[in-house]
There are 2 protein chains.
Amino acid sequence: MKNNQEKKYLDNWLSITNIQMGITNELESALQKNHNLSLKEFYVLYFLSKTSDKQLRLQQLQDMVGLSQSAISRLVVRLEAKSCGVLQRQICEDDRRGIYTRLTTLGEEKLQISLNTVHEILQSALSKGNLQEELQSLIQKL
Amino acid sequence: MKNNQEKKYLDNWLSITNIQMGITNELESALQKNHNLSLKEFYVLYFLSKTSDKQLRLQQLQDMVGLSQSAISRLVVRLEAKSCGVLQRQICEDDRRGIYTRLTTLGEEKLQISLNTVHEILQSALSKGNLQEELQSLIQKL
DNA sequence: ACCTTTTAAATGCATGATGATACAATTAAA
DNA sequence: TTTAATTGTATCATCATGCATTTAAAAGGT
């Protein structure tokens, strides 16, 4: 009895993981192909765009995107260098240890276009049935 | 209106991703700490244990675990070398291109012990409310 | 039988992630 | 002030992963 229940937990978990990976891979390759962005790079732009002044310190980004401190540092450096002009790093004047990563106008435009791709994929993946309500109630319980 | 719905998709997606990452990280570090196994390594042992003759070709493992062909090849080689004796690779005699990865008795024991750790974590993460039923209905719809 | 094509796994290489460490700036204490 | 501890980033070494290529075996067409 105990074992059956445990098997169910694990197998449900594996199913969730599969679904997650599937959608993640779709997002990855569509963003890469259409906008030359990785998924995490997209997340960076998205989280920046949601703030009032379009900028965040590295540590805040780190928590939101879910990367290590060193990984987010390098991701932002790479992204600034690569996608010429979608974001700018600049020293935070009131605490000169800090670095602001700021979304440029160009970056906002790029984000808006990329959002279309993301929404398309998520919609077709998540719009079935009454999935939204179920998801939300699920998320609240977790 | 359209934008609101789209935001909901994306934000729900981000919530799911967060939850997934959280549990994944818990599993990773508990397995690493208690059993010196990575999560993917654990999955390999688990999928092997579910087969009737405790062995699988690399390609089958690849699909189950969700790694590329090269990655699963190396993962299995590493795991065989490292966790002395939990699994054995051997040439498949009826098709000498193939490699069987076989779970040893020692490996089954190790898996059983590791399963306790995994179940513990999943239980505390997934056992709340009537989450199981909700999850299953969700999974079926996706 | 012989040659081509396909298939399974291994390998070289580039990339991106992490943890440990280094460095610079800030804060707190003496 | 000077000094010690903390905090925010950057850098380094290491490692796992994916793609492209290679090797070996099997299958198929002539």
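Throughout, a chain's letter reflects where its sequence line sits, starting with A, and its residues are numbered from 1. Hydrogens, waters and symmetry mates play no part in the numbers below; they use all other heavy atoms, side chains included.
More than 12 non-hydrogen atoms from other residues, nucleotides or ligands lie less than 6.0 angstrom from CD of B:Gln90. Atom CD of B:Gln123 is surrounded by more than 12 heavy atoms from other residues, nucleotides or ligands within 6.0 Å.
A donor-acceptor contact under 3.5 angstrom links the side chains of B:Thr17 and A:Gln20, judged on distance only.
Note: CD (A:Gln32) to C1' (D:dG18) measures 13 Å, nearest angstrom. Distance B:Ile72 CD1 to D:dG18 C1': 13 Å, rounded to the nearest Å. Between A:Gln62 atom CD and D:dT7 atom C1' the separation is 12 Å, expressed in whole Å. Atom CG of A:Leu61 and atom P of D:dA10 are 12 Å apart (whole Å). Following rounding to the nearest Å, A:Glu28 (CD) and C:dA17 (P) show an atom-to-atom distance of 9 Å. Between the C1' atom of D:dT17 and the CD atom of B:Glu41 lies a distance of 14 Å, rounded to the nearest Å. Here the C1' atom of nucleotide C:dA9 and the OH atom of B:Tyr100 are 14 Å apart, to the nearest Å. Remark: P of C:dA9 and CD of B:Gln60 are 9 Å apart, rounded to the nearest angstrom.
A heavy-atom distance below 4.5 Å is not found between the side chains of A:Thr117 and A:Phe42.
The base of D:dC19 sits within donor-acceptor range of the side chain of B:Ser70, with an N or O pair under 3.5 Å. Contact annotation: side chain of A:Arg97 to base of D:dT7, donor-acceptor pair present below 3.5 Å.
Residue contacts shown for A:Leu67 are limited to sugar-phosphate atoms, with no base heavy atom under 4.0 Å away. Here B:Ala71 lies in heavy-atom contact (under 4.0 Å) with sugar-phosphate atoms only.
Here the nucleotide nearest the side chain of A:Ile99, chosen from C:dT7, D:dT9, C:dT18, is D:dT9. Listed nucleotides C:dA24, C:dA9, C:dG19 differ in distance to B:Leu58; the shortest reach to its side chain belongs to C:dA9. Relative to the side chain of A:Arg57, the nucleotides C:dT18, D:dG8, D:dG18 differ in distance, and D:dG8 lies closest. For A:Arg78, the listed nucleotide lying nearest its side chain is C:dG16; candidates were D:dT9, D:dA16, C:dG16. In this structure, the nucleotide among C:dA25, C:dG19, D:dA25 sitting nearest to the side chain of B:Asp95 is D:dA25. Of all nucleotides listed (C:dA17, C:dA10, D:dT9), C:dA17 comes nearest to the side chain of A:Arg74.
Judged by closest nucleotide on DNA chain C, B:Gly98 is the one of A:Glu93 and B:Gly98 placed further toward the 5' end.
Linking ILVMFWY side-chain heavy atoms closer than 4.5 Å, directly or via other members, places B:Ile23 and A:Ile19 in a single hydrophobic cluster.
Of the side-chain N and O atoms in A:Ser73, none sit less than 4.0 angstrom from OP1 or OP2 of D:dT9. The phosphate of D:dT9 (OP1 or OP2) has no side-chain N or O of A:Arg89 nearer than 4.0 angstrom. Contact check, A:Gln69 against D:dT9: no side-chain N or O comes under 4.0 Å of OP1 or OP2.
Between atom CG of residue B:Leu58 and atom CG of residue B:Asp63 there is a gap of 11.0 Å, rounded to the nearest 0.5 Å.
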